[in-house]
Structures are given as structure tokens and as C-alpha cells.
Amino acid sequence: MLQVHFIRENKETVLAGLAKRNFANAETIIEQVLTADENRRKTQVELDNTLAESNKISKEIGTFFKSGEVQKANLLKEKTGRLKEKSKELSERSNAFAEELQGLLYQIPNVPHASVKSGKSEEDNENVFSEGTIPDLGENSLPHWELAKKYDIIDFELGTKIAGAGFPVYKGKGARLQRALINYFLDKNTQAGYTEVQVPHLVNEASGIATGQLPDKEGQMYHAKVDDLYLIPTAEVPITNMFRGNLVQESNFPIKMTGYTPCFRREAGSYGAHVRGLNRLHQFDKVEIVRIEHPENSYQALDGMVEHIKGILRELKLPFRILRLCGGDTGFTSALTFDFELFSTAQNRWLEISSASNFETFQANRLKLRFKNKQGKSELAHTLNGSSLALPRVLAGILENYQTAEGIKIPDALVPYCGFNFIK
């Protein structure tokens, strides 16, 4: 969430940033934040003064008792009783203002980076890079869901029988290709200096709040209500929460982590041809990269993440493009996001396969993730994350773009991981 002092000192900048997002009632909620903050601070000052007066009188009472002036001491004791009642009332009021302020701040998205353009939807995103040749597969090319059935490597109907739509079953070489992609992505990330971790696939409410999934995205998360735990929508949540409440050393930067997890998203309201097959699932595999950075270096780190993901797609020889998201399409917690999309030749459309984002201090403020700067003062770190990569659509792209009359060729980079070079 945004820091209150930043809103207070940069009100017009915040409003301009929220306008890029088309954030409704921005002026109203910002004024409510400033009013709640002013009330909280005034009440806190009054509370501090009351407590200070009470402490001063308590010392005077001790002095009077020691000197035998019991009557004076008893009169002051009556006064401290009144001050205690007042301090209790002020404390409750201060807590109420703080709770109101917190609730308001949770509703406000991050302020977009200066490079982010205004826009309402994905139609307004900027294409900033493209690479690769879209293969000419001819009229007989098949979409990946038909290829999956033809070669018996993914069974969507069986997944529906077991759990419901959006939970495919990978079989035979399909399962091996899936596992190969996971291992390949993890190896590429660890070779780039990311430390691999295995993390829980369920998180508590505090973790969801800390990275911004709650209270913004409850409807998209599966909730185990008996235990009050949430199935993770991405490994970003548990990996980033490893550092919740930490005071890291400046010398530890950059902190680079990677991890594979299944991901779970309800995708409420998703329907139509664009969600067919692997295009959109309720359970899918993803390898994530997360970085904790010094604020001065975070955008250089974001550029490095983008280049790293580029390198993987180049090795897989898949046609891709990179979009800088407009304000209206940028995620709630992000200041700047680059989306990677690969071209699905059989579907004749672009499919998002990765997002690389800088959250600046937005997550760190909720996480209370700080470091000591050179002056010895605590300062919020910057957090970043990226998909490296999300598997379903990468797999769909491989199946479709590498299909031949004889079968599906495996990209050269994956052959050592698969143990085979063709699906026939």
C-alpha cells in the first residue's frame, strides 16, 4: 500500500497516477485518507500529552507520600484516575482512526511509473519489443487441444471428471514435457543467480494481505475456510512473504529467489473460446522469480529480469513480443509491468506467458520489509517478481508452433530434459 506521508507530500502526483488507472473517486478517497490521518495524528498527540502528564503526576505522588503529605498525594491520585480514563478513551479513538486509515489505504492501488501511459484496457498497451518468426503451418494446423487429444498427452475430459473444468490431466510424453519445462526453467533461473526454494502451496491471510492479493482478489482465490488458509495464485505470494517483517542488510542486495509451484485461480467469470484448452486454467504450473532490491537499483533489476526471460524464449525459439501495460491494465500492486506474449499460430492470437513487475515500496510497506541505509536509517526495500515461466501457454505454444506432419518436434533446448525429441 502507499505510504501516508507520500500521499500527504505528493497529493497531486498520486491523483495524476490514479487517473492513469481510471481509478474511480480518487479525490474523494485521498481526502478521506488525509482526514483520517490528521485525526489519528491529532489524537495521538493528545494521548501522548495525557500519558506524559499522568507519568509526571505519578512521580509527584511518590514524592508526597515519602514526605508524609498524604492528603496531597490522594488528591493527585484522583486526578491520575481521571487521566487514565481519558487516555483509554483517546487510545480507542486513535486505534479507530488508524483502522479507518488502514482500510482506506487497502483500497488504493499503486501509483504507476512515469513511463506508464494512460489507457483503459489491454487494447491500449504498448508493444515495445518483438522477436521471432511466426511459422507457416499451412491449412491443416491444429490448435493445441486437438493436438493433445490426437497424441493422447493431455486429457481435459478426465480432469473435468476428477475435479471440474480447468483441471487437465497430463499423460505420458505430455507429463514428461511438463516436468522437463519446470526443470529447464528452474535451471535457467539458478544459473542466473536465483536461489531455488520450495514453499507452501497454502498461505495465511496475513501473507495474502502482505503481497496485495487480499483484500483485492478474494474472489479469485480458493479459500480453505475451516483452516482459514488460501491456495496460492502464484509462488510470488509465499516467496515474497519469506521476508515479511524482516530488516535485511543493504549488503545482501540483490536478493534473488526462484521457485516452482502449482497455482490456483478461480477465474470467476471466465468463459468463451479464448479460455479453451490450456489458455486459462484453475490449476496450472509456474516457475517464478522474485527479487528484493535497493530502491536505487530496482528498475535496472527489472530490465535484467526482462532480458533473462527474453533469453529463455530465444532458446525455445518461440515468436514473442513484450508489452508495457497501460495504466488501466496494470495490476493493483504494480508500478510498472511488462507482459510477454507468444504467438499461438494455430489459434492466430497472442497468449500472455509472463509478467515482470516492479512494485517499488507498495508490497514492502505491507510486508514491513526494510533495510538499513548507509546513514543507519530504516528504509523500505523494493520488491519485484516475474513468471519465468508460466507453463500452460508455453506448452500450448510449443505444441502448436512445433507441429509437423510427422508429429510434434521438441525444442532443442528441452531434448536433454525430455529424453525424446518428437511426440508422434
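Small disclaimer: the values here were computed from a predicted structure and weren't measured. Along the sequence shown, residues are numbered consecutively beginning with 1.
- Taking the ring centroids of F264 and H282, they lie at or beyond the 6.0 Å cut-off.
- Note that the CD atom of Q107 and the CZ atom of F332 stand 8.0 Å from one another [nearest 0.5 Å].
- Electrostatic pairing of D37 and R8 counts as a salt bridge here, judged by a charged N lying under 4.0 Å from a carboxylate O.
- In summary, of the residues considered (V14, I29, L15), a side-chain contact (heavy atoms from CB on, under 4.5 Å) with F23 occurs for I29 alone.
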Handout entry: ring-ring contact (aromatic ring centres under 6.0 Å, His included) evaluation trace for F253 with F371
Key = CA-CA 10 Å; F253 292 134; F371 69 98; 5.1 Å; yes
Practice task
Assess whether side-chain contact (heavy atoms from CB on, under 4.5 Å) is satisfied between F338 and L323, documenting all intermediate values.
Solution key: CA-CA 5 Å; F338 292 102; L323 306 177; over 6 Å; no
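- Between P319 and E131, the closest side-chain pair of non-hydrogen atoms is not below 4.5 Å.
- The backbone N or O of L142 sits less than 3.5 Å from a side-chain atom of Q403, completing a donor-acceptor pair.
- The two residues V306 and I322 come nearest to each other via the heavy atoms CG1-CD1, 3.9 Å.
- Using a 3.5 Å distance cut-off with no hydrogens or angles, the side chains of E196 and N189 do not pair a donor with an acceptor.
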Exercise for the section: Evaluate the side-chain contact (heavy atoms from CB on, under 4.5 Å) criterion for residues F6 and T361: first the C-alpha distance (whole Å), next the side-chain angles of each, then the deciding distance (0.1 Å), finally the verdict. Expected result: CA-CA 11 Å; F6 179 81; T361 60; over 6 Å; no
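- At a cut-off of 3.5 Å, with distance as the only test, a side-chain donor of T234 or K286 sits close to an acceptor on the other residue.
- Within a 6.0 Å sphere centred on CG of D228, heavy atoms belonging to other residues, nucleotides or ligands number more than 12.
- A donor-acceptor pair shorter than 3.5 Å can be found between the side chains of N358 and S298.
- Ring geometry for Y184 versus Y417: interplanar angle over 60°, hence perpendicular rather than tilted (30 to 60°).
- Within the 3.5 Å criterion, the main-chain N or O of L278 finds a donor-acceptor partner in the side chain of H144.
- Heavy atoms of other residues, nucleotides or ligands lying less than 6.0 angstrom from NZ of K317 number 12 at most.
- A donor-acceptor pair under 3.5 Å links the side-chain atoms of K256 to the main chain of A192, judged by distance alone.
- The main-chain N or O of G119 is found under 3.5 Å from a side-chain atom of N22 such that the two form a donor-acceptor pair.
- Within a 6.0 Å sphere centred on CD of Q198, other residues, nucleotides and ligands contribute 12 heavy atoms or fewer.
- A cation-pi contact links K173 to F420, judged by a cut-off of 6.0 Å to the six-membered ring centre and 45° from its axis.
- Remark: L342 CG to T345 OG1 distance equals 8.5 Å, nearest 0.5 Å.
- Heavy-atom neighbours of K368 NZ from other residues, nucleotides or ligands within 6.0 Å: above the threshold of 12.
- No side-chain donor-acceptor contact under 3.5 Å links R291 and T383.
- For the pair K424 and F422, the distance from NZ or CZ to the six-membered ring centre is under 6.0 Å and the angle to the ring normal is within 45 degrees.
- Judged purely by distance below 3.5 Å, without hydrogens or angles, the side chains of E360 and N110 never pair a donor atom with an acceptor atom.
- Side-chain polar atoms of N279 and R276 form no donor-acceptor pair below 3.5 angstrom.
- Atom CG of residue L186 and atom CD of residue Q191 lie 10.5 Å apart, to the nearest 0.5 angstrom.
- R265 places a side-chain N or O within donor-acceptor distance of the main-chain N or O of P233, the cut-off being under 3.5 Å.
- Cation-pi geometry between K310 and F129 is satisfied (NZ or CZ under 6.0 Å from the ring centre, within 45° of the ring normal).
- For the pair N401 (side chain) and F343 (backbone), a donor-acceptor distance under 3.5 Å is present.
- E236 has its side chain within reach of Q213: a pair of non-hydrogen atoms, C-beta onward, lies under 4.5 Å apart.
- Summarising the geometry, atom CG belonging to L34 is positioned 9.0 Å from atom CG belonging to L101; distances are rounded to the nearest 0.5 Å.
- With hydrogens and angles disregarded, a donor-acceptor distance shorter than 3.5 Å links the side chain of R176 to the backbone of C418.
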Problem - Intermediate values then yes/no, side chain to side chain donor-acceptor pair (under 3.5 Å), S94 and S91 - result: CA-CA 5 Å; S94 180; S91 179; over 6 Å; no
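- Classification of K374 and E250 as a salt-bridged pair holds, one side-chain N sitting under 4.0 Å from a carboxylate O.
- Residues H382 and N297 bring no donor and acceptor atom of their side chains to less than 3.5 Å of each other.
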Practice task
Report the C-alpha distance between K117 and D124 in whole Å, list the side-chain angles of each, state the deciding distance to 0.1 Å, and finish with yes or no for salt bridge (Lys or Arg N to Asp or Glu O under 4.0 Å).
Solution key: CA-CA 8 Å; K117 305 297 183 184; D124 300 313; over 6 Å; no
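- Side-chain N/O atoms of E379 and N373 include a donor and acceptor closer than 3.5 Å.
- Surrounding CD of Q249 are at most 12 heavy atoms belonging to other residues, nucleotides or ligands under 6.0 Å away.
- By the 4.0 Å N-to-carboxylate-O rule, E31 lies close enough to K11 to be salt-bridged with it.
- Remark: M305 CE to E307 CD distance equals 12.5 Å, nearest 0.5 Å.
- Remark: the Q44 side chain and the D48 side chain contain an N/O donor-acceptor pair separated by less than 3.5 Å.
- Atoms NE2 and CG, from H308 and L389 in turn, are 8.0 Å apart once rounded to the nearest 0.5 Å.
- Within 6.0 Å of the CD atom in E315, the count of heavy atoms belonging to other residues, nucleotides or ligands exceeds 12.
- A donor-acceptor pair under 3.5 Å is formed between the side chain of T404 and the backbone N or O of E406.
- The shortest side-chain heavy-atom distance between Y106 and I209 falls under the 4.5 Å cut-off.
- For the pair K42 and E38, the salt-bridge criterion is met [side-chain N within less than 4.0 Å of a carboxylate O].
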